[in-house]
Amino acid sequence: MNLAGQVALVTGAGSRDGIGFAAARALSADGAAVVLASTTDRIHERVTDLQAIGGRAVGVVADLMDDGAADRVVQAALQLAGRLDICVNNAGMVAVGGELTDSVAHRTTDQQWRDALDRNLTTCFTVTRAALTAMRARGYGRIVNVASTSGPVQAFVGDAGYHAAKAGMLGFTRAVALEYAGQGITVIAVAPGWIATASQTDAERAAGALTPMRRSGTPVEVAAAIRFLADTSASYITGQLLVVDGGNALPENRTWTP
């Protein structure tokens, strides 16, 4: 329970089978009070889930693309205990009710491009900006940005905006890490590969079966990386990208199978 007394904020935590809630559960299990945020009322179900296993949690319904929403979720964390120690920026991809983009670059509309950057990169910026104010006041903080292998490491066909946003998260991570390294605040990016969340498609599941480990990863496995980086002991790691992809980025010769 070495996170006892700490307060964590996890965005994009509405799905029971998603990375966000898995991270929240891991942080809660080690004693942190957790503020969960998502775009829908189902976040209150996740709060109930954590409370059922003895966790202290509150939920905030907020679309982080709206003006002032990031400040509101950070304020909810401060209201718990007057502090914010851990911020996990997991919100992104596509909000519930949205549509996946499947357009190559020359068919991508201005709106699709702006939506991808705003949803995945700008939300990370606004929440981080709000969190930094609280963390700087205490001289301590752990910020973990959930990026993707798509953009920083690899690419798939059909969503240039998403790749640009996730690659941008890595650049943002490095810049902020450098700016606040001397103030007790670390900033790390985690890059999941094919992960078996509730929203995983059949095509993504098939791609996961072709990784060196012959399976997709699980949200719990990504959450383990987040939990490690959120720890007080992870104090000399900042500005880096931790890839959680079952070795999928390793093979140069894709015809070879282990």
task: List in chain and number order the residues that pass side-chain hydrogen bond (donor to acceptor under 3.5 Å, both in side chains) with D231, two or more places apart in sequence or in another chain; answer none if no residue qualifies.
output: N2, R227, S233
Which donor-acceptor pairs under 3.5 Å do the side chains of residues 162-175 make with protein atoms, sequence neighbours left out?
unit_1	atom_1	unit_2	atom_2	d
H163	ND1	D159	O	2.7
H163	NE2	F156	N	3.0
K166	NZ	V146	O	3.1
T173	OG1	N145	ND2	2.9
T173	OG1	M169	O	2.7

field: Any donor-acceptor pair under 3.5 Å from Q240 side chain to T238 backbone
entry: yes
query: Sub-3.5 Å donor-acceptor pair from the side chain of Q6 to the main-chain atoms of L3, do we have one?
result: no
message: If the condition is side chain to side chain contact (heavy atoms under 4.5 Å, CB included), which residues does E221 pass it with, not counting sequence neighbours?
response: R215, T218
Under the side-chain hydrogen bond (donor to acceptor under 3.5 Å, both in side chains) test, residues paired with R56 that sit two or more places apart: none
- prompt: Strictly by modelled atom types, are S216 and Q200 linked by a side-chain donor-acceptor pair under 3.5 Å?
  reply: yes
- request: Give a yes or no on whether the backbone of F125 and the side-chain of T128 come within a donor-acceptor separation of less than 3.5 Å.
  value: no
statement: Those residues at least two apart in sequence (or on a different chain) that pass side-chain hydrogen bond (donor to acceptor under 3.5 Å, both in side chains) with T122 are D118
query: Just wondering, do L36 and V58 contact through their side chains at under 4.5 Å, heavy atoms?
result: no
All N/O donor-acceptor pairs, side-chain side in residues 65-72, below 3.5 Å, sequence neighbours left out:
unit_1	atom_1	unit_2	atom_2	d
R72	NH1	V61	O	3.4
R72	NH2	V61	O	3.2

Any pair counted as salt bridge (Lys or Arg N to Asp or Glu O under 4.0 Å), so long as it reaches residues 131-152, sequence neighbours left out: D85-R138
field: Listed partners of N253 passing side chain to side chain contact (heavy atoms under 4.5 Å, CB included), at least two apart
entry: T255, W256
field: All salt bridge (Lys or Arg N to Asp or Glu O under 4.0 Å) counterparts of D245, not counting sequence neighbours
entry: none
Backbone N/O of H44 and side chain of T48: donor-acceptor pair under 3.5 Å: yes
task: With sequence neighbours left out, write down each residue that passes side-chain hydrogen bond (donor to acceptor under 3.5 Å, both in side chains) with E45, or none if nothing qualifies.
output: none
- prompt: Is there a donor-acceptor pair closer than 3.5 Å between any side-chain N or O of T123 and the backbone N or O of L64?
  reply: no
- request: Please determine if R16 forms a cation-pi arrangement with F21, meaning its NZ or CZ atom is less than 6.0 Å from the six-membered ring centre and no more than 45° off the ring axis.
  value: no
task: Keeping the roles fixed (side chain from T11, backbone from A91), state whether a donor-acceptor pair exists under 3.5 Å.
output: yes
Shared hydrophobic cluster, L241 / I188 (ILVMFWY, side-chain heavy atoms < 4.5 Å): no
- request: Apply side chain to side chain contact (heavy atoms under 4.5 Å, CB included) to T133 and list each qualifying residue two or more places apart in sequence or on a separate chain.
  value: none
field: Partners passing side chain to side chain contact (heavy atoms under 4.5 Å, CB included) against Q111 (at least two apart in sequence or in another chain)
entry: T109, R114, D115
task: Output yes when a side-chain donor or acceptor of R46 lies under 3.5 Å from a complementary backbone atom of G14, and no otherwise.
output: yes
